[in-house]
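Structure, as structure tokens:
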Amino acid sequence: MSIEKTLILIKPDAIFRKLTGLVLYRLDNAGFEMIAAKTVSVTEELARKHYEALKDKPFFEELVKFIMGKFHNIPRNRILALIYKGENAIQGVREIVGATNPEDAMPHTIRGSLGKISTKGLFENVVHASGNREDAEREIKLWFNPEEIIE
Ligand code: TYD
């Protein structure tokens, strides 16, 4: 057991479909502590850096457009970025979030109950949550300045 921090992004599909409150409700109920939160205007540079490990995937360009809100007409590419902290927070949050493909995600998870597959085949899966410690550290640095994290 260890105290971890993990990055959550409330993605453009969730912003568009007014799911922010539901997602926060579920994360809060799981007992993790929100230690940072802000709206972010997602630039192309930030999107590409965030998903750089997937740059060779066939869906990469669509993914960049998706996280920038291009498929949901989100004004100023605005999404919500959060850091949650707690015991085994990285794995714990991933369990609440569910599998990457909303059709594979368990029904009680965020992605299982709220996610969908777009007509283009991209997974509109509501939230991003860091996958492991290395990713969490990198992603927290990418999305937040240290003074924005209140511990
Ligand atoms: P990935 O990092 O593999 O999954 P996760 O978000 O669960 O850590 O993929 C990043 C995002 O790319 C994923 O949330 C949705 C999208 N994606 C697709 O649209 N199709 C796919 O086949 C995969 C693997 C991912």
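A quick note: this is a predicted structure, and the numbers were derived from the prediction, not measured. Note that ligands are numbered from 1 as they come in the structure, with each ligand's atoms numbered from 1 the same way.
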* To do: Salt-bridge test for Glu61 and Lys55: reply yes if a basic N is under 4.0 Å from a carboxylate O, no otherwise.
  => no
* **Arg138 with Glu134: basic N within carboxylate O range, under 4.0 Å** => no
Quick one: look up the protein heavy atom nearest [atom] and list residue, atom name and how far away it is.
| atom | result |
| --- | --- |
| atom 23 (C) of ligand 1 | Phe59 CZ, 3.3 Å |
| atom 8 (O) of ligand 1 | Arg94 NH1, 2.9 Å |
| atom 6 (O) of ligand 1 | Arg111 NH2, 3.1 Å |
| atom 2 (O) of ligand 1 | Leu54 CD1, 3.8 Å |
| atom 22 (O) of ligand 1 | Phe123 CE1, 3.5 Å |

I need the atoms of ligand 1 closer than 4.0 Å to a non-hydrogen atom of [X], numbered in the order shown.
| X | result |
| --- | --- |
| Tyr51 | 10 (C) |
| Lys11 | 14 (O) |
| Leu122 | 19 (O) |

* Do the side chains of Tyr84 and Leu114 join up, straight or via other hydrophobic residues, at under 4.5 Å, putting them in one cluster? -> yes
* Might you point out which heavy atoms bring Pro102 and Glu124 nearest each other, and give the distance in Å? => CG-O, 4.3 Å
Report yes if [X] has an N/O atom closer than 3.5 Å to an N/O atom of ligand 1; otherwise report no.
| X | value |
| --- | --- |
| Thr100 | yes |
| Asn125 | yes |
| Leu63 | no |

* Asked: How many angstroms lie between atom CZ of Arg111 and atom CE of Met106, to the nearest 0.5 angstrom?
  -> 15.0 Å
* **Thr6 side, atom OG1; Glu139 side, atom CD - distance, nearest 0.5 Å** => 7.5 Å
* Asked: Where the side chain of Glu33 meets the backbone of Lys85, is there a donor-acceptor pair that is under 3.5 Å apart?
  -> no
* **Under 3.5 Å donor-acceptor, Thr39 side chain and Arg78 backbone** => no
